[in-house]
Amino acid sequence: MPSARPGVPALAETLAPGGHPIVYGRLDPREAPLPGQDAFGPVSSRFHGMHEVTRDDERLRRAHAFVTAGLADGSFAPVIDRVFEGLDTVAEAHRRLEAGTRTGKIVLTVTG
């Protein structure tokens, strides 16, 4: 699930036996309850934060190498929902972003 949000319990109900829920992000300010063992069955949970990587020199070096390689070989390619061109399209781009119906990144290009 791409954001911790109130839909997490519904996700739990769809898991196959032995499934692993992966909930990441905190883009939704609403409460994001994590279901108990009755919903997920036997599970373990692990919370990650960026500081686990950024405050550890070796992890940061490995993360940098991983991301750099992915960008270089094209395996990390963003999914673009829509490209808006020019400052006169800022309001339209913002409406698209706020609608919550996008399937990728909103891109605004400004030339000049």
Side-chain angles (χ1 to χ4, degrees):
M1 177 168 275
S3 178
R5 60 177 178 253
V8 172
L11 171 69
E13 294 175 11
T14 65
L15 282 176
H20 298 281
I22 298 174
V23 180
Y24 62 92
R26 191 73 175 131
L27 303 176
D28 191 323
R30 294 176 292 169
E31 194 66 30
L34 292 176
Q37 187 169 347
D38 57 324
F40 279 132
V43 298
S44 61
S45 58
R46 172 75 166 89
F47 295 90
H48 297 277
M50 69 174 198
H51 297 298
E52 291 179 41
V53 173
T54 60
R55 293 182 178 160
D56 181 314
D57 289 341
E58 177 57 20
R59 282 184 173 183
L60 184 57
R61 183 198 63 72
R62 289 190 347 246
H64 183 270
F66 177 75
V67 171
T68 301
L71 291 172
D73 71 15
S75 60
F76 287 174
V79 175
I80 305 297
D81 177 79
R82 186 160 170 204
V83 176
F84 294 87
E85 297 187 29
L87 290 175
D88 58 327
T89 65
V90 168
E92 184 183 358
H94 194 267
R95 281 192 295 274
R96 177 75 179 158
L97 183 65
E98 290 282 313
T101 57
R102 67 190 187 285
T103 57
K105 300 295 182 186
I106 301 293
V107 176
L108 175 66
T109 60
V110 180
T111 57

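Bear in mind the structure is a predicted one, so any value in this text is a computation, not a measurement.
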Can you list, pair by pair, the side-chain donor-acceptor contacts under 3.5 Å of residues 60-68, counting residues two or more places apart and other chains?
| unit_1 | atom_1 | unit_2 | atom_2 | d |
| --- | --- | --- | --- | --- |
| Arg61 | NE | Glu58 | OE1 | 3.2 |
| Arg61 | NH2 | Glu58 | OE2 | 2.6 |
| Thr68 | OG1 | His64 | O | 2.7 |

*Sequence neighbours left out, what passes side-chain hydrogen bond (donor to acceptor under 3.5 Å, both in side chains) with Glu98? Give chain and number order.*
none
*So which residues get pulled into Ile106's cluster when ILVMFWY side chains under 4.5 Å apart are joined, directly or through others?*
Phe84, Leu87, Val90, Leu97, Leu108, Val110
*Not counting sequence neighbours, which residues clear side-chain hydrogen bond (donor to acceptor under 3.5 Å, both in side chains) with Thr101? List them please.*
Arg96
*Sequence neighbours left out, what pairs pass salt bridge (charged side-chain N to carboxylate O under 4.0 Å, His left out) with at least one residue falling in residues 83-95?*
Arg82-Glu92
*Sequence neighbours left out, what passes side-chain hydrogen bond (donor to acceptor under 3.5 Å, both in side chains) with Thr109? Give chain and number order.*
none
*Counting heavy atoms not belonging to Asp73, are there more than 12 under 6.0 Å from its CG?*
yes
